[in-house]
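Heads up, the thing below is written out as C-alpha cells.
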Amino acid sequence: MNHLDINGIKEIIPHRSPFLLVDYIEDYEPGEYAVGYKCVTYREDFFAGHFPQEPVMPGVLQIEALAQVGAVAILSKPENQGKIAYFGAINKCKFKGKVTPGDKLKLETKIIKVKGPVGVGEAIASVDGKVTATAELTFMIG
C-alpha cells in the first residue's frame, strides 16, 4: 500500500488551503486509483453560509474532493509529475446523502479510461460506508 500525508499530497497536486480538500491518501496506484479522506470539521469556511442553521458540505465540494483524489492518482505517474489536471466534464453525478461536521469523508477515484492527455475517473464519496455522492469525472492533463 502506498500512502501520503498532507505534505506528500501537496507535492503531487497544486491545491492549497482553503481549497485543498483531501487530508490524507490511504492507498494509491499511480495512473490507476487513489483512496483518500477529508476529515470534515465545523471550522470549514463553507459552513458559515451553507447553512448556518444546518451545516452541510456542498455537493460540488464533495465532487471537487473526489477530483483531487483522482488527480493524485493520475499526476503521480512519472510522466505527469509537475502538471495540473483540469476538469473536462462531470457526468452521471448523483448526491445521495449529507456530509456534516464530524464526518470522515472517504474519497475513492478509479481511473477507468485514458487517451492521450484526457481521462475519465469513476468516483465515489461515502461516510461510514454510506454513499454520499457518485460521479464520472473527465479530466485533462495540462
Close side-chain approach of [X] and [Y], heavy atoms under 4.5 Å:
{"X": "Q68", "Y": "K38", "result": "no"}
{"X": "V99", "Y": "L61", "result": "no"}
{"X": "L20", "Y": "I6", "result": "yes"}
{"X": "M57", "Y": "F46", "result": "yes"}

Determine whether V72 and V118 fall in the same hydrophobic cluster, where Ile, Leu, Val, Met, Phe, Trp and Tyr are linked whenever their side-chain heavy atoms lie under 4.5 Å apart.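 No, separate clusters.
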Return all side-chain donor-acceptor pairs below 3.5 angstrom for residues 128-142, not counting sequence neighbours, or 'none' if the list is empty.
from	atom 1	to	atom 2	distance (Å)
T132	OG1	Q62	OE1	2.8
T132	OG1	A125	O	3.3

Practice item. Name all residues meeting the side chain to side chain donor-acceptor pair (under 3.5 Å) criterion together with K10; count only those two or more places apart in sequence or in a different chain, and write none if there are none. Key: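 K10 satisfies side chain to side chain donor-acceptor pair (under 3.5 Å) with no residue once adjacent residues are dropped.
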Distance, nearest 0.5 Å, that separates [atom1] of [X] from [atom2] of [Y]:
{"X": "D5", "Y": "E11", "atom1": "CG", "atom2": "CD", "result": "8.5 Å"}
{"X": "K77", "Y": "I12", "atom1": "NZ", "atom2": "CD1", "result": "13.5 Å"}
{"X": "L21", "Y": "I63", "atom1": "CG", "atom2": "CD1", "result": "11.5 Å"}

| said: Can you confirm whether H50 is buried at NE2, in the sense that more than 12 heavy atoms of other residues, nucleotides or ligands lie under 6.0 Å from that atom? | reply: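 Yes, because the 6.0 Å sphere around NE2 of H50 holds more than 12 heavy atoms from other groups.
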Show which side-chain atoms of residues 26-36 pair as donor or acceptor with protein atoms under 3.5 Å away, not counting sequence neighbours.
from	atom 1	to	atom 2	distance (Å)
D27	OD1	N2	N	3.1
D27	OD2	Y33	OH	2.8

